[in-house]
Amino acid sequence: MGFGKGCHLHLIDGSAFIFRAYHALPPLTRKSDGLPIGAVSGFCNMLYKYVEGNHGPDAPTHVAVIFDKGSHTFRNDMYDQYKANREAMPEDLRPQIPLTRTATEAFNIACKEKEGYEADDIIATLAVQARAAGGRVTIISSDKDLMQLVGDGVEMLDAMKNARIDRDGVFEKFGVYPDRVVDVQALAGDSVDNVPGAPGIGVKTAALLINEYGDLDALLDRAGEIKQPKRRQTLIDHADQIRLSRDLVQLDENTPLDFTLDDLEVQDAKPDQLMPFLAEMEFRTLTRRIADQLGVEAPEIKEPEAPQDAPEAPGFDDATYEHVENADQLQAWIDLIYERGYVAVDTETTALNEMTADLVGISLAVNAGHACYVPLTHKQGGDDLFGSDDLAEGQMPLETALDMLKPVLEDDSIVKIGQNMKYDAKIFARLGIHVAPIDDTMLLSYALHGGLHNHGMDTLSERYLGHTPIPIKPLLGSGKSAKTFDQVPLEDAVKYAAEDADITLRLWQLLKPQLHRAQVTKVYETLERPMVHTLASMERSGIKVDRDTLSRMSNAFAQKMAGLEDEIYELAGRKFNVGSPKQLGEILFDEMGIEGGKKGKTGAYATGADVLEDLATVHELPARVLDWRQLSKLKSTYTDALQDHINPDTGRVHTSYSIAGASTGRLASTDPNLQNIPIRTEEGRRIREAFVSEPGKTLVALDYSQIELRILAHIAQIPELKQAFDDGIDIHALTASEMFDVPLDEMTPEIRRQAKAINFGVIYGISGFGLARNLRIPRAEAQGFIDRYFERFPGIRTYMDDTKAFAKEHGYVQTLFGRKIHTPEIGSKGPRAGFAARAAINAPIQGTAADVIRRAMIRMPAAIKELPAAMLLQVHDELLFEVDVAAVDDLIGVAKDVMESANDPVVHLDVKLTVDAGQGQNWAEAH
DNA sequence: GACATCACG
DNA sequence: GACGTACGTGATGTCC
């Protein structure tokens, strides 16, 4: 039947079905092989229910399920930030996408998509064609972007709520009728799709304006007539951006299609097509139900439970670890991997530093207890004390192995599982292999158990598998005679390396299914897993450090220290090791008889900076020691040590970030730590002059302004603080003004300083004692400040009490993004409880800030990919970039925007995030 | 390897 | 009434 009057076309938004199915269901897997099929299952159930419900007089005559195809559409060409905020697709959903197409076809329903277009465009085109032919259309979706199509026989149906949306329904949602929906969306923008719109204008205001002026063009032409000055200026300033937004939300009604409406005629399901598919997916209930309904026999679905088919996972004693020594054997493993769809991978290397380490061998595991090791560059042993450079027997050539594994490691449909995958990914990246997609057992554990224990393989294996891994120490030895892994005999290496892959696989099988129940799937997918490649790339970039600058500083420091040492010996009356706190304490308090020495728990005198600062008022020696210590610190930790970290190949310093090190979600930087480069003192700050850009490039530093206090203002709902941040008022001055009843214009630096200490104290779970010590004021006075603070900002007290209560009840606290930080000691008795309570108060604030910058970092590579720029470092609330001089402004524009909107769209903040920018030839200038 | 100290946010 | 006490990190040197 040709499509025409009396016909009724149903257009189903396929992607909406898929995502709804994915999020509504736990992560089901196919019983026989573990293939994730939760979303496919939900999708099929929805299709089934849809078909079932279509027997009334209103039944469709034509139907199609429309899908998105490809991530790049013509809208990205118009605006490169379009949908740039979108979260990456969850790893276990990706392999299910093609199966939803197969499912649609199995139901004998037309299944349509087109490269470079969104499903919405195809839906628009078909709806317009159907309307022109005189038929009716129902769009099955609740996507507001489709509402512009409603009217003249086109309606929407929200399948979840079973609610029809007609012209009046659209008016309810947008305040305008469908023909003006695009205008309203252009003004209001959309944070989910990252359509900019007009800043500060939402749907309500947009509708008001459109209704007053008729349409968007008229509004923009006559923007000068708008009474409200702020609104007027916004529309004038952002006219181009608003027009661009309109083009982005306007659906393309002329999508070129290679089929016609006639091709979409409804057809009965064919059992011989549908039943085999359902059986193959092993949907037992659905297969039976549909078979009954179609009046056919349900195909048998084998239960893979027979012991000979799938033996119980062997214990570690019964595991088989294979030594792969040629291409045929490796090919057999690759075949196994493709059968499975996933593989645990581990690399063995010559060192712990992945920027300098060389690959020695690769281990693989596909089943618990079934793993192999592929040694590649093990050296020939021998009596020779120095070993031999000759390769050991029983190895295939490195090149051959990499050529064979590269397609697997880069295959979209094979999940590569690792423990601390960033390490392996960097090793492979240096060999030209981009490992993806990946899963990481360390990060699974971090998302599930953050705060409970560390997430190293030994810990996880002991805790969750009850197995102590083979220790590496006996294989490598220690001290001067320590070997590297390429000198380990193959027999030992196979056992050790294959076991690591085996453990990793077992941990993955155990931990991955727990994400959903612990409700941390989103945390893992959006805050942990994507960090692996983002950080790997930053670490590989490194930052240029000028050796000569450091070396000169080291010499200068050495000279000054020598001078200070002479003075110190003079003052002390004898020589001693200035670097020894023990000796210093004895000199000060025993020999020189200075009063007030306090011994710590180990019986030694305390000689920390705070103690020496107090003593500096009564004697010169402590002041000299303080100066000496500062120089000693700068020299040993920075100017000397950093030189050793300059990579000879790149001339740059490559730190390593631990993703799962800090309990709150912060990163930590090691080897070297580039998150604690001095800045607070002028002398220390000059060390940053050694961190430089390449010629023709500039360093750009972008840092969040007061992000933790902003988050506190939001979480604790403090109206005064929120207002101050909105108005751009100095937050510490504002706090001081509120607390001490001093008007802002009479603020003194001293009062402000005290308020600042209190603000920070609050973030840390303030105590009278701590504040008193910090401000060096009597404890009672400090307590008075705190009382006043709570009085002025009662939300803070509520937040602290609520957070402690939550931690006690649940054993964890959460960030705004759902990250859990466990607080196992919250119920302790004694001082431990105090520690735990303060940590619990701090964690949601520090952790939310950490989540925000993680989100910014994850989005950054895509956002700046067209720019000659690289993201180099993260320092908790700061990102450092290196960019061609000519592109500095572009970079600042894009990166700042990504950072300031990093919370969108999943978390709304009442307080805006602002980012300050700096630039220069070195890090001192850029900051 | 524990401890004290001090660099950062 | 006494505990102890600001949150989160990593690197270095001393001393046992």
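First the proteins, then the strands, lettered A, B, ... as listed; each starts at 1. In this text, all values refer to a predicted model and were calculated from it rather than measured experimentally.
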>> The side chain of A/Y764 is closest to which nucleotide in this list: C/dA11, C/dC15, C/dC7?
In response: C/dC7
> Which is true for A/A757 with a 4.0 Å heavy-atom rule: it touches a base, it touches only sugar-phosphate, or it touches nothing?
Replying inline: base
> With a non-hydrogen cut-off below 4.0 angstrom, is A/I679 in contact with a base, only sugar-phosphate, or nothing?
Replying inline: sugar-phosphate
> Whole-Å distance between B/dC8 P and A/H927 NE2?
Replying inline: 11 Å
> Among C/dT9, C/dT12, B/dA7, which is the nearest nucleotide to the side chain of A/K633?
Replying inline: B/dA7
>> Counting distance alone, no hydrogens or angles: does the base of C/dT5 have a donor or acceptor under 3.5 Å from a partner atom on the side chain of A/S767?
In response: yes
> Parallel, tilted or perpendicular for A/H810 and A/Y812, by the 30°/60° rule?
Replying inline: tilted
> B/dG9 base to A/R680 side chain: any donor-acceptor pair below 3.5 Å?
Replying inline: yes
> Under 4.0 angstrom, heavy atoms only, what part of the nucleic acid is A/F760 near: base, sugar-phosphate, or nothing?
Replying inline: nothing
> In whole Å, what separates the P atom of B/dA4 from that of C/dT5?
Replying inline: 11 Å
> What nucleic acid atoms does A/S632 come within less than 4.0 Å of, heavy atoms only: base, sugar-phosphate, or nothing?
Replying inline: nothing
> Partner of C/dA2 by Watson-Crick or G-U wobble geometry, both contacts under 3.5 Å, or none?
Replying inline: none
>> Please evaluate residues A/F793 and A/Y789 with respect to the criterion ring pair (Phe, Tyr, Trp, His ring centres under 6.0 Å), reporting the C-alpha separation (whole Å), side-chain torsions for both, the decisive distance (0.1 Å), and the verdict.
In response: CA-CA 6 Å; A/F793 309 118; A/Y789 192 95; 5.0 Å; yes
>> Can you tell me if A/T602 touches the phosphate of B/dA4, counting only side-chain N or O atoms and a distance under 4.0 Å to OP1 or OP2?
In response: yes
>> Checking contacts here: which listed nucleotide (B/dT5, C/dC15, B/dA7) is nearest the side-chain heavy atoms of A/Q630?
In response: B/dA7
> Where the side chain of A/T607 is concerned, which of B/dA7, C/dT9, B/dT5 is the nearest nucleotide?
Replying inline: B/dT5
> Has A/N676 got a side-chain N or O lying under 4.0 Å from the OP1 or OP2 atom of B/dC6?
Replying inline: no
> With a non-hydrogen cut-off below 4.0 angstrom, is A/I845 in contact with a base, only sugar-phosphate, or nothing?
Replying inline: nothing
>> So if I take every side-chain heavy atom of A/P678 and compare against B/dC8, C/dG8, C/dG10, which nucleotide ends up nearest?
In response: B/dC8
> Roughly how many Å is it from CG in A/N577 to C1' in C/dC15, rounded to a whole number?
Replying inline: 10 Å
>> Assess whether a salt bridge exists between A/D730 and A/R752, defined as any Lys/Arg side-chain N lying under 4.0 Å from an Asp/Glu carboxylate O.
In response: yes
>> Check the phosphate of C/dT9 against A/R666, side-chain N and O only, distance under 4.0 Å to OP1 or OP2. Yes or no?
In response: no
> Looking only at atom P, what distance separates C/dG4 and B/dC3, rounded to whole Å?
Replying inline: 16 Å
> Considering every strand shown, what is the Watson-Crick or G-U wobble mate of C/dT12 when both distances are under 3.5 Å?
Replying inline: B/dA4
> Taking CG from A/D627 and P from B/dA7, how many angstroms apart are they, rounded to a whole number?
Replying inline: 12 Å
> Donor-acceptor pair under 3.5 Å: do we get one between A/R629's side chain and the base of C/dT12?
Replying inline: no
>> Quick test of your reading of the model: are A/E565 and A/K575 salt-bridged, counting only N-O distances below 4.0 Å?
In response: no
> Which nucleotide in the list C/dT12, B/dA4, C/dT14 gets nearest to the side chain of A/S580?
Replying inline: C/dT14
> Within this structure, what is the CD1-to-C1' distance between A/I711 and C/dC7, rounded to whole angstrom?
Replying inline: 14 Å
> Which nucleotide in the set C/dG10, C/dT12, C/dC7 lies at the smallest distance from any side-chain heavy atom of A/T637?
Replying inline: C/dT12
> Relative to the ring of A/F691, is the ring of A/W923 parallel (under 30°), tilted (30 to 60°) or perpendicular (over 60°)?
Replying inline: perpendicular
>> Categorize A/E878 for me: base, sugar-phosphate, or nothing, with a 4.0 angstrom heavy-atom threshold over every strand shown.
In response: nothing
>> Nearest to the A/Q583 side chain among C/dT5, C/dC15, C/dT12, which nucleotide is it?
In response: C/dC15
> Is it the case that A/Y605 and A/D590 place a side-chain donor and acceptor less than 3.5 Å from each other?
Replying inline: yes
> Quick one: is B/dC3 close enough that its OP1 or OP2 comes under 4.0 Å of any side-chain N or O from A/K582?
Replying inline: no
> Does a side-chain N or O from A/S663 land closer than 4.0 Å to OP1 or OP2 of C/dT9, or not?
Replying inline: yes
>> Less than 4.0 angstrom from a charged side-chain N to a carboxylate O is my criterion; do A/R686 and A/E682 meet it?
In response: no
>> Over all strands shown, is A/A849 touching base, sugar-phosphate only, or nothing at heavy-atom distances under 4.0 angstrom?
In response: nothing
